[in-house]
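Notes follow once the structure below has been shown.
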Amino acid sequence: MNQIWNIARKELSDGLRNRWLLAISLVFALLAVGIAWFGAAASGQVGFTSIPATIASLASLATFLMPLIALMLAYDAIVGEEEGGTLMLLLTYPLGRGQILLGKFFGHGLILALATLIGFGCAAVAIGVLVEDVELSLLMWAFGRFMISSTLLGWVFLALAYVLSSLAREKSTAAGLALGVWFVFVLVFDLALLAVLVISEGKFNPDLLPWLLLFNPTDIYRLINLSGFEVGSSAVGVLTLGDDLPISGWLLWACLVVWVGVSLLLAYWLFRRRVV
């Protein structure tokens with residue numbers, strides 16, 4: 001366990017030195033505060049509207065931003081060490097490949113978790129202090145749930161980044177694959193489901209179609225953050241299929257955890273097979 005923590009501490013130290021934690025926290029804080037006060041500007045309203053509307057807007061933002069940041073943070077975790085000549089050195093120490101992978105995951109995961117807590121937490125504090133008559137219990141529950149689910153989504157894409165980094169032989173290849181994964185899960189997947197709905201005129205196995213949402217962690221994340229609010233009933237696009245999923249909210253959380261675990265196991269399997 002000490003070896004895993006030493007690697008995690010090194011990754012955290014690199015993140016602090018490279019200003020990753022500061023940059024991500026500032027981006028989250030500025031965008032979250034901006035959305036909280038100006039998210040309804042298109043409808044002619046300026047100022048804080050409601051907690052559910054704010055969370056829905058922030059979840060839409062995080063769906064695009066969190067996977068991209070996680071992939072950028074970890075796409076070179078393995079291949080970058082190999083190109084720099086440090087992976088061979090690491091493997092000469094009494095360290096298993098699983099320990100190296102877990103250490104990097106804990107370090108990168110801690111960076112993402114702290115940045116999410118600081119960035120989005122600043123928005124929650126600003127709303128609580130500046131908005132009159134805000135329901136503090138609902139604010140804390142909604143933002144707590146949002147920040148935990150956002151962190152889990154980031155961890156899913158961290159694990160996927162390790163899969164890509166274990167596959168690629170060059171950092172440039174890993175970067176290209178990371179952008180491709182982001183493009184598929186964030187943009188293409190939902191468009192493909194919409195195309196199936198349109199082409200089949202809604203007749204494509206209606207019992208199966210909602211379950212396909214579970215094959216996309218970003219859709220699971222949005223379903224988690226839309227459930228429990230009135231905005232959940234006004235979901236658009238393929239998210240309306242989530243109303244037909246016969247599973248509870250806790251199982252949606254479990255699905256995100258499964259995504260993390262399965263992706264890490266796949267990354268470990270590929271890393272073990274990698275010849276250095």
Side-chain angles (χ1 to χ4, degrees), residues 8-9 11-43 45-75 105-158 161 178-179 182 185-186 217-218 220-222 224-226 228-229 231 253 256 260:
R9 188 170 54 185
E11 295 296 336
L12 182 59
S13 175
D14 289 345
L16 292 172
R17 186 173 61 252
N18 297 331
R19 304 292 192 272
W20 266 108
L21 179 59
L22 177 62
I24 298 171
S25 299
L26 282 175
V27 167
F28 285 168
L30 291 174
L31 290 175
V33 172
I35 284 179
W37 264 267
F38 301 104
S43 60
Q45 291 181 315
V46 176
F48 181 76
T49 53
S50 68
I51 294 173
T54 300
I55 293 297
S57 298
L58 287 175
S60 296
L61 169 71
T63 299
F64 288 88
L65 203 56
M66 187 64 78
L68 184 61
I69 289 175
L71 290 166
M72 288 174 59
L73 188 62
Y75 78 90
F105 178 74
F106 288 157
H108 290 146
L110 189 56
I111 291 173
L112 271 184
L114 288 173
T116 302
L117 177 63
I118 295 169
F120 291 126
C122 286
V125 171
I127 292 171
V129 171
L130 300 176
V131 177
E132 296 181 1
D133 301 326
V134 67
E135 191 177 341
L136 290 179
S137 60
L138 177 60
L139 178 69
M140 293 175 60
W141 174 80
F143 266 86
R145 183 185 189 191
F146 167 70
M147 289 188 289
I148 294 172
S149 61
S150 296
T151 301
L152 269 178
L153 179 67
W155 289 354
V156 169
F157 282 89
L158 279 181
L179 288 176
W182 179 86
F185 281 116
V186 175
T218 62
I220 299 172
Y221 167 77
R222 286 189 288 177
I224 287 173
N225 283 285
L226 288 178
F229 293 122
V231 292
W253 287 88
L256 271 187
V260 176

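All values below were derived from every heavy atom in this structure, side-chain atoms included, with hydrogens, water molecules and symmetry-related copies excluded. Numbering starts at 1 and runs along the sequence shown.
Of all heavy-atom pairs between Leu136 and Gly128, the closest is CD2-CA, 4.1 Å. Minimum interatomic distance between Ala62 and Leu153 (heavy atoms only, all atoms of both residues): O-CD2, 4.1 Å. Closest approach of Ala113 to Trp155, counting heavy atoms only: CB-CZ2, 4.4 Å. The nearest pair of heavy atoms linking Thr63 to Thr218 is CG2-CB, 3.8 Å.
With sequence neighbours excluded, no residue satisfies ring-ring contact (aromatic ring centres under 6.0 Å, His included) with Tyr221. When the ring-ring contact (aromatic ring centres under 6.0 Å, His included) test is applied to Tyr75, no partner is found at least two apart in sequence or on another chain. Applying the side-chain contact (heavy atoms from CB on, under 4.5 Å) test to Ala74 and every residue at least two apart in sequence or in another chain returns His108, Leu158, Ala161, Tyr162. Taking the side-chain hydrogen bond (donor to acceptor under 3.5 Å, both in side chains) definition, one finds that Ser149 meets it with Asn225, sequence neighbours left out. For Val33, the side-chain contact (heavy atoms from CB on, under 4.5 Å) partners at least two apart in sequence or on another chain are Trp37, Ala123. With sequence neighbours excluded, the residues that form a side-chain contact (heavy atoms from CB on, under 4.5 Å) with Val27 are Leu31, Leu65. Every residue two or more places apart in sequence or in another chain was checked for a side-chain hydrogen bond (donor to acceptor under 3.5 Å, both in side chains) with Thr54, and none qualifies. In this view, Leu26 and Leu22 satisfy the side-chain contact (heavy atoms from CB on, under 4.5 Å) rule, not counting sequence neighbours. In this structure Phe185 satisfies the ring-ring contact (aromatic ring centres under 6.0 Å, His included) test together with Phe157, Trp259, sequence neighbours excluded. Not counting sequence neighbours, the partners of Arg17 by the side-chain hydrogen bond (donor to acceptor under 3.5 Å, both in side chains) test are Asp14.
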(message) Under the criterion side-chain contact (heavy atoms from CB on, under 4.5 Å), I'd like the reasoning laid out for Glu135 against Trp141: C-alpha separation, chi angles, the key distance, then a yes or no.
(response) CA-CA 10 Å; Glu135 191 177 341; Trp141 174 80; over 6 Å; no
(request) Report the C-alpha distance between Ile224 and Arg145 in whole Å, list the side-chain angles of each, state the deciding distance to 0.1 Å, and finish with yes or no for side-chain contact (heavy atoms from CB on, under 4.5 Å). (result) CA-CA 9 Å; Ile224 287 173; Arg145 183 185 189 191; 4.2 Å; yes
(request) Step by step, work out the side-chain contact (heavy atoms from CB on, under 4.5 Å) result for Leu71 and Leu73. (result) CA-CA 5 Å; Leu71 290 166; Leu73 188 62; over 6 Å; no
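We find the CG-OG distance between Leu30 and Ser25 to be 10.5 Å, quoted to the nearest 0.5 Å. Going from atom OG of Ser60 over to atom CD1 of Ile55 covers 11.0 Å, rounded to the nearest 0.5 Å. Distance check: Leu58 CG to Phe120 CZ gives 6.0 Å after rounding to the nearest 0.5 Å. With rounding to the nearest 0.5 Å, the separation of CZ in Phe146 from OG1 in Thr151 is 9.0 Å. Atom CE in Met66 sits 14.5 Å away from atom CH2 in Trp182 (nearest 0.5 Å). For the atom pair CD1 (Ile24) and CG (Leu21), the distance works out to 7.0 Å, reported to the nearest 0.5 Å.
Using modelled atom types, no side-chain atom of Ser13 and backbone atom of Arg9 make a donor-acceptor pair closer than 3.5 Å.
Within the structure, side chain to side chain donor-acceptor pair (under 3.5 Å) contacts touching residues 116-125 (residues at least two apart or in different chains) do not occur.
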